[in-house]
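Inspection log for the structure reproduced underneath, given as structure tokens.
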Amino acid sequence: MSTENRKYSLTDLIKYFLKLGSTGFGGPVALVGYMHRDLVENKKWINDSDFKEGLALSQLAPGPLAAQLGIYIGFVHFGVLGATLSGIAFILPSFIMVVLLGMVYQAYGGLPWMQAVFYGISAAVIGIIVLSSYKLTIKSISKFEIPGIKTNWLLWLFYISAIILTAITQKEEVLLFVVLGFIYMIVKAPPEWMKRPKIATFYFLTTACFSTIELGKLGDIAWFFIKAGAFVFGSGLAIVPFLHAGVVNEHGWLTENQFIDAVAVAMITPGPVVITVGFIGYLVAGFSGACVAALGVFLPCYLLTVIPAPYFKKISQNKSIKAFVDGITAGVIGALVGAVIVIATRTIKDLPTAMIAVGTIIILIYNKKIQEPHIIAIAAVLGILIKLI
């Protein structure tokens, strides 16, 4: 924690993150850009070195990128208290919004106009996720070019395997991604402790035991979202396959349409995309469910930012950790693509929805000025026109 050159108070930082959480649209990359512009370039509250360190930690550790960076920025000058309050301030506005939308959705979701709105929105969401999956693939694994595929053939193998497994089984096993991380780490940069197999055996046994714990309804929600939050790397959309498999297929908490609508809600609200868990939690178990789901998904993100922050310079140079994260990331992104295939086959039911999905992809590729919330609004109007007029 640094106290030198502090030009602002903790209250100033909290106000900033409340504002960003209320008005910050565009996904994790855009939110990171806003933070750099406002806090480094304009206000000069954070120096560029601290910002880049926070960004590197956010990319290396699991958790939604923008939320983690916000937590780290709070930690720089104000320690654990600053990290805690900055994180809460960033997440709270969008959490309130999704809970209010959950109330409206639950009250009016059965009405024809609401169904028509989400008919268009759901198709647009598929287009947004398809394009995001492509961008994540070329960013985290390699471009679709022969040299890149040859160099990263093992990551491509993990990626394709995860796509096939997810599309066929329609579920995700958290342990599988951990195994992929370990395999890649062993191949690329085996650490010293791998020579002591008892530790690895203990880890897997512990993970297996935890997966069999029986909990009540809120306990099930908390445990499920903690596991999901521990495997979101870089983009909030990476959580989609975990949520889809658990919420729709495993627990049956939501229908397919309700799940797509939940993802859509995340797209039309500011702040981190992962906040959709508040909407899901509300539909499953009311306000208590929303709070437990949000706390569960952001708890790993918070702990995995605050705990390693003081030692990050050393951690960031560890090749074994980087390799472990790369292996997990390849599997997670593959699972996202697999989930998109499953969801798309159930959501794109006719020519209009197919045209909206394809149109969304084309607009996002060729028109940089139009953002996801604008497209969602247009798709909602199209849904009403197609269904009700």
Side-chain angles (χ1 to χ4, degrees), residues 1-3 10 13-14 17 28 31-32 35 39 46-47 49-92 174-175 177-178 181-182 185 189 191-194 196 199-200 202-204 206-207 210 222-236 238-239 242 272 274-275 277 292-329 332:
M1 181 180 68
S2 171
T3 56
L10 180 54
L13 193 63
I14 291 169
F17 278 114
L31 291 169
V32 167
M35 289 185 214
L39 302 180
I46 304 292
N47 63 49
S49 175
D50 284 333
F51 186 90
K52 286 179 179 177
E53 255 186 39
L55 183 57
L57 174 58
S58 303
Q59 291 173 320
L60 187 62
L65 181 66
Q68 273 190 299
L69 182 56
I71 291 168
Y72 186 88
I73 287 172
F75 182 87
V76 170
H77 287 154
F78 299 102
V80 173
L81 179 62
T84 305
L85 295 181
S86 295
I88 292 172
F90 184 38
I91 295 161
L92 188 61
V174 170
L175 191 58
F177 300 112
V178 176
F182 270 109
M185 180 173 66
E192 287 297 318
W193 63 262
M194 290 301 295
R196 292 169 279 173
I199 296 177
F202 174 77
Y203 176 83
F204 285 114
T206 304
T207 307
F210 271 126
W223 180 235
F224 170 73
F225 283 106
I226 286 171
K227 288 190 292 183
F231 285 88
V232 186
F233 282 85
S235 168
I239 203 173
F242 293 94
V274 174
I275 202 60
V277 300
V292 168
L295 181 62
V297 86
F298 283 105
L299 183 61
C301 155
Y302 171 78
L303 294 176
L304 291 169
T305 302
V306 171
I307 293 172
Y311 320 103
F312 180 64
K313 280 186 173 65
K314 184 177 179 180
I315 294 172
S316 64
Q317 304 304 316
N318 191 306
K319 293 181 180 179
S320 299
I321 292 176
K322 287 182 178 179
F324 179 68
V325 170
D326 287 344
I328 289 180
T329 303
V332 168

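Values in this document were obtained by computation on a predicted structure and should not be read as measured data.
Summarising the geometry of P308 relative to L57, their closest heavy-atom pair is CG-CD1, 4.1 Å, with the distance given to 0.1 Å. P300 and G296 get closest at one heavy-atom pair: CD-O, 3.0 Å. Considering all non-hydrogen atoms of both residues, V32 and A66 come closest at CG2-CA, 4.5 Å.
Residues L55 and L65 are in side-chain contact: their nearest non-hydrogen atoms beyond the backbone lie under 4.5 Å apart. When side chains are defined from C-beta on, P64 counts as touching F298, because their heavy atoms get closer than 4.5 Å. The shortest side-chain heavy-atom distance between L81 and L10 falls under the 4.5 Å cut-off.
For the atom pair CD of E53 and CG of N47, the computed distance is 9.0 Å after rounding to the nearest 0.5 Å. Atom CG of D326 is separated from atom CD1 of I321 by 12.0 Å, given to the nearest 0.5 angstrom. Here the OG atom belonging to S58 is positioned 11.0 Å from the CG atom belonging to L304, to the nearest 0.5 angstrom. In this structure, CG on L295 lies 7.5 Å from CD1 on I226, to the nearest 0.5 angstrom.
When each of V76, I73, L39 is paired with F51, the side chain to side chain contact (heavy atoms under 4.5 Å, CB included) condition holds for I73 and for no other.
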**Request:** Report the C-alpha separation of M35 and L69 in whole Å, then their side-chain angles, then the decisive distance to 0.1 Å, and conclude whether the side-chain contact (heavy atoms from CB on, under 4.5 Å) test is met.
**Result:** CA-CA 9 Å; M35 289 185 214; L69 182 56; 3.9 Å; yes
**Message:** Between F90 and I71, does the side-chain contact (heavy atoms from CB on, under 4.5 Å) criterion hold? Intermediate values first, please.
**Reply:** CA-CA 9 Å; F90 184 38; I71 291 168; over 6 Å; no
**Request:** I would like to know whether F225 and V292 meet side-chain contact (heavy atoms from CB on, under 4.5 Å); could you show each step before the answer?
**Result:** CA-CA 8 Å; F225 283 106; V292 168; over 6 Å; no
**Asked** How far apart are the C-alpha atoms of Y302 and T84, what are their side-chain angles, what is the distance that settles it, and do they pass the side chain to side chain donor-acceptor pair (under 3.5 Å) test?
**Response** CA-CA 8 Å; Y302 171 78; T84 305; 2.6 Å; yes
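In this structure, the side chain of T305 does not engage the main chain of Y72 through any donor-acceptor pair within 3.5 Å. Of the possible donor and acceptor atoms, one in the side chain of S320 sits under 3.5 Å from a partner among the backbone N and O of A189.
Taking the six-membered ring for Trp and the full ring otherwise, the centers of F242 and F177 sit less than 6.0 Å from each other.
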